[in-house]
Protein chains: 2
Amino acid sequence: MTTRRVNLNTESVDNYLKAIFALGGPEEERVSSTALADRLGVAPASITNMLQKLAAAPVPLVEYESRRGVRLSTAGRRRALEILRHHRLLETFLYEVLGYPIEEVHAEAERLEHFISERFEERIDAKLGRPKFDPHGHCIPALNGKMSKQTSRPLSDIEEDGEFVVDSISDRDSVLLKRLNVHGITPGVRLRVLMSSRGEFVLRASGRFKSLQLSLSDAGAVRIRSIG
Amino acid sequence: MTTRRVNLNTESVDNYLKAIFALGGPEEERVSSTALADRLGVAPASITNMLQKLAAAPVPLVEYESRRGVRLSTAGRRRALEILRHHRLLETFLYEVLGYPIEEVHAEAERLEHFISERFEERIDAKLGRPKFDPHGHCIPALNGKMSKQTSRPLSDIEEDGEFVVDSISDRDSVLLKRLNVHGITPGVRLRVLMSSRGEFVLRASGRFKSLQLSLSDAGAVRIRSIG
DNA sequence: GGACCATTTTAGGTGTACCTAAATATTTAG
DNA sequence: CTAAATATTTAGGTACACCTAAAATGGTCC
């Protein structure tokens, strides 16, 4: 029986790689099955299955030891960054060229990222003038897979009142995204932050009158950096 | 045992409906399994399977009697036209906005047509100024599914030398499409047609020096109308 | 009008990506 | 250090869209 080779160019594989990349964080730590199951909305058993497949490929996309979590191989990271590049270029394109509302770009990009060709990628990149950031403030990986490191930290890490610049905003919760947008909280904006009593954050964008209160978990969706 | 309901919102179903629509022609004649198998590059047995499923749905997408061929139901036709609209809007968009070479728009549109949202459709339609024709000269179905009738005929039907206007060109053969394009044979262009000896067609676009010889089957890909 | 041929359908299988339930390993808590 | 709780894997199934091989049907030709 020859080892039968499986097809790893599927939407599903894309999504697993993206999730592992996202959950691994900047240090690319090992990611647990449960965390993946949670993120992908899939039963833990399905995760095990897929990870075994990804690890057993002729060119493995992940390093996986049973019960020890998983992390991307070089090939897997390359693929993940390629998809992330598609995603962020698409978001930028939908926002800039097609005039999408900011809170809708993510869902559309999430579907299309798996199906656009290299040519499509190239054409929108050119049309947008080779952008470095998407409309949420996230860095767009370069063609060669290089991506600059984050110098920002989550708003939820702040412990004292202060003024900051909005670095980026997670695109995963469209309701929150819209709420932030309505209050002028968008990448690059100057932000006054007050810690309220019970671990809530009170924000006001520069030039705005209305403040906005955010829960700790919602504050995790906003990344900030120091002014300057 | 309750009748278990199946999911009919798949790329595959889209492709079957498109194929039935295309093969049925303007009269929407019944289409045979073999013709579909051929067009979709799928075994005849698979066709039977899918047609049974499409016909058995709570809202049937086709009318199907065993061994008598198939045709679209009202719901099926609506879906087919929706996808055709996506396809042609995408082609126009790729050509006009992203500057794709004409012979590449089809393949990309064919993949993306299944995944774009209503919003995407609306936005590109608006951006293009609500176009009525795609870059191959094909009519883009309106949102309500209306599509004007063809007044053109295939070049392959011509029996005597003459001058015509190019109406449209099939996008299915990208090599031919490119060849025609290079010779200036594009929708709206005035065309001189000479019948050569063995059922071949010799074409020259107005203002061009070089002629082009086309086989009968290739000539079937070009539709023409009378001058005026 | 019956035999042959092409078309179509039935029957039974494959690979992908899921699922649930049960078994097993690991971590944590007392 | 062991027992309970938690995390993970194995085992066995499902739906989808294909496949091949074999059976059934239908049209045509003498």
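Every chain is numbered from 1 and lettered A, B, ... according to where its sequence line falls, protein lines coming before strand lines.
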Whole angstroms only, please: what is the [atom1]-[atom2] distance between [X] and [N]?
X	N	atom1	atom2	value
B:D38	C:dA6	CG	C1'	14 Å
B:R68	C:dA6	CZ	P	22 Å
B:L54	D:dC16	CG	P	12 Å
B:L8	D:dA15	CG	P	14 Å
A:R67	C:dT27	CZ	C1'	13 Å

Touch class at under 4.0 angstrom, heavy-atom based, for B:G41 against every strand present: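 Contact class for B:G41: sugar-phosphate only.
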Can you check whether [X] reaches [Y] side chain to side chain, under 4.5 Å on heavy atoms?
X	Y	answer
A:R111	B:S117	yes
A:K146	A:P141	no
A:L177	A:I169	yes

Sequence neighbours excluded - salt bridge (Lys or Arg N to Asp or Glu O under 4.0 Å) pairs with any residue from residues 32-50 of chain A: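 Residue pairs passing salt bridge (Lys or Arg N to Asp or Glu O under 4.0 Å), neighbours aside: none found.
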Contact residues, residues 9-24 of chain B to DNA chain C [heavy atom, < 4.0 Å]: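 Result for residues 9-24 of chain B: none.
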Neighbours of DNA chain C within residues 44-53 of chain B, by heavy-atom distance under 4.0 Å: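 Those residues whose heavy atoms fall under 4.0 Å from DNA chain C, taken from residues 44-53 of chain B in numerical order, are B:P44, B:A45, B:T48, B:Q52.
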Donor-acceptor contact below 3.5 Å, side chain B:R71 vs main chain B:E63: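 No: the side chain of B:R71 does not pair with the backbone of B:E63.
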Modelled atom types, side-chain donor and acceptor of B:H86 and B:E82, under 3.5 Å: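 Their side chains do not contain a donor-acceptor pair, so the 3.5 Å distance test is not met.
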side-chain N/O A:S66 vs D:dT9 OP1/OP2, d < 4.0 Å: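 Yes, within the criterion.
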Candidates B:P154, B:C139, B:S152 - the one meeting side chain to side chain contact (heavy atoms under 4.5 Å, CB included) with B:D167: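 It is B:S152, the one option of B:P154, B:C139, B:S152 that forms the side chain to side chain contact (heavy atoms under 4.5 Å, CB included) with B:D167.
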Euclidean distance, A:R225 CZ relative to A:R153 CZ, rounded to 0.5 Å: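 So the CZ of A:R153 and the CZ of A:R225 are separated by 11.5 Å.
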